K.L.:
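Below is the structure I would like to discuss, written out as C-alpha cells.
Quick note on labels: first sequence line is chain A, next is B, and so on, each numbered from 1. Note that this is a predicted model, so its numbers are computed, not measured.
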2 protein chains.
Amino acid sequence: MVTIRDIAKKAGVSAMTVSRVINQSGNIKESTRKKVEKVIQEMNYIPNSAARSLTSKETKILGLLITDITNPLFTHVARGAEDKAREMGYRLLLSNTDGDLHKEADYLKFFLSTPVDGILFEACNDRSKENLNLLIEHDIPFVLLDRSVPGIHTDQVILDNRKGTFELMEHLIKQGHKKIALLQGPADISTARSRHEAYMKAMEKHALDINPHLMLAGDFTQNGGFQAVLRLLSLPDDEFPTAIFAANIFLAIGAIKCLRNQGYHIPDDVAVVCFDDVDPFTDLDPFLTVAAQPAYQFGYIGAQLLIERIENKAPQKPREVILAPEIIIRKSSLAPVRNVN
Amino acid sequence: MVTIRDIAKKAGVSAMTVSRVINQSGNIKESTRKKVEKVIQEMNYIPNSAARSLTSKETKILGLLITDITNPLFTHVARGAEDKAREMGYRLLLSNTDGDLHKEADYLKFFLSTPVDGILFEACNDRSKENLNLLIEHDIPFVLLDRSVPGIHTDQVILDNRKGTFELMEHLIKQGHKKIALLQGPADISTARSRHEAYMKAMEKHALDINPHLMLAGDFTQNGGFQAVLRLLSLPDDEFPTAIFAANIFLAIGAIKCLRNQGYHIPDDVAVVCFDDVDPFTDLDPFLTVAAQPAYQFGYIGAQLLIERIENKAPQKPREVILAPEIIIRKSSLAPVRNVN
DNA sequence: CCAAAAAATGTTATCAGTAACATTATTCAG
DNA sequence: CTGAATAATGTTACTGATAACATTTTTTGG
C-alpha cells in the first residue's frame, strides 16, 4: 500500500506538504504542487480514509435505514438520497429493517460503530424512540423520513397525509360514495394515524355515518388487506361498503385480490383508492387511484437536511418539511355508485 | 467520545486488556472480563471503527455499483446483496451509475478512497474494463453481476441469457409466429449480445427467415423501444412482424406504448415477450410474457462470492455462477397468430 | 539592501486501536 | 516447596493522515 510518506519521500518533500497538496490547504509553491501531484499520479496513490477519519472524525458516509428497499416507495427514496449525497460528496449505506424493531436496533448499533456521519431514518414505529435515543446519546445527527416519532424532535421530511387522505376521500364522496371502508395501517405508525384521523374528519365534514365495522385494522401488507376484506364480506349487505380507502398500496392490492376472488368487480362493485403509487416504469396499465408520494424528494431533501445538520449549517431548531401528495385518479375509483341505500 | 483508554482507566486495567475483551482474543480472567464488560456497558462505549480499520485494513463494507436502484431488477439485487452482507457481518454502500462510464469511474475512485473491502459490480458495458483494471491494480476484490466484461476474469454471477431467449422464442414459434422482431440492447453489453445471438440461433433452428429489418438496435430504454417500433411501422405490410422479442422490459414497454398509440392490440395484432419482470407486489395485472431473472439471487450469491473472496476462502480460480431465468407466460403472447403470410 | 511580513515547508505529537514483545501472576508436576 | 510452563496483563511502537507549532525561504516596503 502506498502511503503519504512514500509519496513524500519520492517527491523529496515532507508528508505534510503532500497532505497540503491533497487537501488544497495552506500555501504550496506551484512547482512543488506539480511535483507532488506527478508522484501521486505515478504511484497511483489514494489516501487512506481510515487514517483520515481517525483525525477528522468524519467519514462522508450516511446511513439509510428503511423498512425495505424493495418497496417502490423506498427505492425512490433511496435514489433521491443517493443523488443528493453524491452531489454533496457523501455516500450512502443501505439497510433494510423490515419494520422489525430488533433489526432496527441492531443496525443502529452497527451504525454507531461504523463510520457514519449521520442517518436517514424511516422509523419502524413509535417504539423506535428508544433506538433513536441511542443516536441522540451518541450525538449522531439523523433525519426522520416519512414517519415521525412522538417525543423525537429533529429534522424531518414527512408527507401531508391529511391532505392526501382528504382529497382521496372527497373524490370518493363526490362520486356519491357514502359507505366508505377504511383499511388502516398500524396504529403505532404516525402516517397510519394521520390517515385514520383524516378519514374521520372527511366523513364528519360530509356528515357521513362512521360505521366502526367499516374501519379495519391492518398492517400495511397485502395479507392485511386481504384479511380485512374477508371481514367486510361477512357484513350484512346493507353495511357492505361501496368504496374502500386503503392506507397504503399493499393493503389496497390485498383487498382487490380478495374482492376479485369473490367475484367482485372494481370499480363497478367497489371503488378502491389508496396511498402510494405503483412503479411507473413497468406497470403498463396503472389501475389504482392513489395519493402518490414524492418519494424521490423524501430522499433528496432528507439527505440535504441531514448533511446541513452534519456540517453545522443548519439552524439549531429542528426543521420540518411537509411534502404534498399527488392525487392520481384512475379506473379503480371511476364508476357510478351502485347499491346506495 | 469514549475511548478504549477511558474504559481501561475506569476498569483499572490496560487498554490492551480491554481490547482483548472486546475481540475475545488471548486469555482473560473471567473476573476481569466481567469487570471490563460492565464498564463498557456503563460508559456506552463503542469502538471506533476508523481506528480499527487503520490496523486491520478492513472495513466490513461492500460497495454495490449498479445502473439504477430504481430498476426493479436492481432493487431486488440490492436487497439480496444486503441480506447476505448482513448475515456475514458486512454492510452495503449503494451507488447508481445510470449506465454512465464516467459516473462509474468516479464512483470507483470514490470507493478506492473509501473504506470498501470489495465491490459488487454491474458493469456499464464492455468499456468498463478500464475502470475495473483500476480495481485490479489496487487489489480490491470484486464480483461481476449480471453483465460480464470481456477481458476481465473474476467471480461472476450471470444469467443464462441464451436459455431464456431460446425459451421465449420457442414459445412464440410454437404459437405459430414466423416474423419475429428483435428489439436489441446495446451491442457493447454482454447480456444484450447473448440475447441477440440466441435470437439468431432460435430463428435458424426453426428455419425461419432472419429479416434484418426486424432487428432493431435499442438501448434498454422505453424510448428505445418506442423508436424501434416506429421504424417497424414504416415497413411494408408483409414484412411487419407478428411478434416482438424485446431484450429487456423497458424496450418492451416502450414498444407496447408505441403500438397502442397506433391502434394496435397486444397480443391480437402483435405478441410481445421480453426479459425482466414487472414489480410483482404492485402490479395488479401483470400482462407481459417474460423471462424473469432471479434478481434477489444475483445479489445474494454475488455477496457471498465476494465475501468469500475477501476473506480468502475462495479458490484461486474465478468462479462463474449461471442462474436460470424463469419463463412466465402471460397475456401479451397469447393469441392466435394473425396475418401469417 | 535590510527588517518585517508573508509564504513555504518541516517536525512532532496525536487520533483510537492493536500487534508484538515484555512482564508479572498463577498453576502444576515432581 | 520449587522451578518450569502457562495464563494474565502490561508496555511500547506502529497504523496513515493531519493539527499545531516551528523553522526556513521568499517577498516586499521603506
K.L.:
Please state how far atom CG in A:Leu54 lies from atom C1' in D:dG16, giving the value in whole angstrom units.
P.N.:
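Computing the A:Leu54:CG to D:dG16:C1' distance gives 9 Å.
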K.L.:
Rounded to the Å, how far apart are A:Glu30 CD and D:dT26 C1'?
P.N.:
16 Å
K.L.:
With sequence neighbours left out, which residue pairs that include part of residues 297-317 of chain B fulfil the ring-ring contact (aromatic ring centres under 6.0 Å, His included) condition?
P.N.:
B:Tyr296-B:Tyr300
K.L.:
Who are the side-chain contact (heavy atoms from CB on, under 4.5 Å) partners of A:Glu58, not counting sequence neighbours?
P.N.:
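Partners of A:Glu58 by the side-chain contact (heavy atoms from CB on, under 4.5 Å) criterion, ordered by chain and then number, come out as A:Ser56, A:Lys60, A:Asp117.
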K.L.:
If you walk 5' to 3' along DNA chain C, what is the first nucleotide with an atom under 4.0 Å of a heavy atom in chain A, and what is the last?
P.N.:
C:dA7 to C:dA16
K.L.:
Starting at atom CG of A:Asp6, determine the distance to atom P of D:dT15, rounded to an integer number of angstrom.
P.N.:
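In whole Å, D:dT15 P lies 11 Å from A:Asp6 CG.
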K.L.:
Under a 4.0 Å N-O cut-off, is there an ion pair linking B:Glu30 with B:Arg33?
P.N.:
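B:Arg33 and B:Glu30: salt-bridged.
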K.L.:
When the distance from CZ of A:Arg20 to C1' of D:dT23 is rounded to whole Å, what number comes out?
P.N.:
12 Å
K.L.:
For a quick check of understanding: with a heavy-atom distance under 4.0 Å over all strands, which category does B:Ser19 fall into, base, sugar-phosphate or nothing?
P.N.:
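Result for B:Ser19 = sugar-phosphate.
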K.L.:
Who pairs with B:Thr17 by side-chain hydrogen bond (donor to acceptor under 3.5 Å, both in side chains), at least two apart in sequence or on another chain?
P.N.:
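Counting only residues at least two positions away or on another chain, B:Thr17 forms a side-chain hydrogen bond (donor to acceptor under 3.5 Å, both in side chains) with B:Ser14.
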K.L.:
Between D:dT24 atom C1' and A:Met16 atom CE, what is the distance in whole Å?
P.N.:
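These atoms are roughly 16 Å apart.
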K.L.:
Charged N to carboxylate O under 4.0 angstrom, A:Glu122 versus A:Arg147?
P.N.:
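Looking at A:Arg147 together with A:Glu122, the answer is yes, because their closest N to O distance falls below 4.0 Å.
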K.L.:
Would you mind classifying the nucleic acid contact of B:Thr17 as base, sugar-phosphate or nothing, using non-hydrogen atoms under 4.0 angstrom?
P.N.:
sugar-phosphate
K.L.:
Side-chain contact, heavy-atom cut-off 4.5 Å: A:Thr191 with A:Asp146?
P.N.:
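Contact flag for A:Thr191/A:Asp146 side chains = yes.
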K.L.:
Could you name each residue pair satisfying salt bridge (charged side-chain N to carboxylate O under 4.0 Å, His left out) that touches residues 6-24 of chain B, not counting sequence neighbours?
P.N.:
B:Lys10-B:Glu42
K.L.:
Over all strands shown, is A:Val18 touching base, sugar-phosphate only, or nothing at heavy-atom distances under 4.0 angstrom?
P.N.:
nothing
K.L.:
Within residues 33-50 of chain A, find the residues that approach DNA chain D with a heavy atom at under 4.0 Å, and present them sorted by residue number.
P.N.:
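Correct list: A:Tyr45, A:Pro47, A:Asn48.
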K.L.:
Could you verify whether a donor N or O on one side chain and an acceptor N or O on the other, from A:Gln304 and A:Glu308, lie under 3.5 Å apart?
P.N.:
yes
K.L.:
Any side-chain N or O of B:Lys57 under 4.0 Å from OP1/OP2 of D:dG16?
P.N.:
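Looking at the OP1 and OP2 atoms of D:dG16, one of them is under 4.0 Å from a side-chain N or O of B:Lys57.
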K.L.:
Nearest nucleotide by nearest heavy atom, which residue falls closer to the 5' end of DNA chain D, A:Met1 or A:Lys29?
P.N.:
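Comparing both residues, the 5'-ward one is A:Met1.
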K.L.:
May I ask you to verify whether the side chain of A:Arg5 and the base of D:dA17 hold a donor-acceptor pair under 3.5 Å?
P.N.:
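Checked by distance alone, the answer is yes.
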K.L.:
Regarding B:Ser95 and A:Glu82, is there a side-chain donor-to-acceptor distance under 3.5 Å anywhere?
P.N.:
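The answer is no; no qualifying pair exists.
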K.L.:
Please classify the nucleic acid contact of A:Ser25 as base, sugar-phosphate, or nothing, using heavy-atom distances under 4.0 Å.
P.N.:
nothing
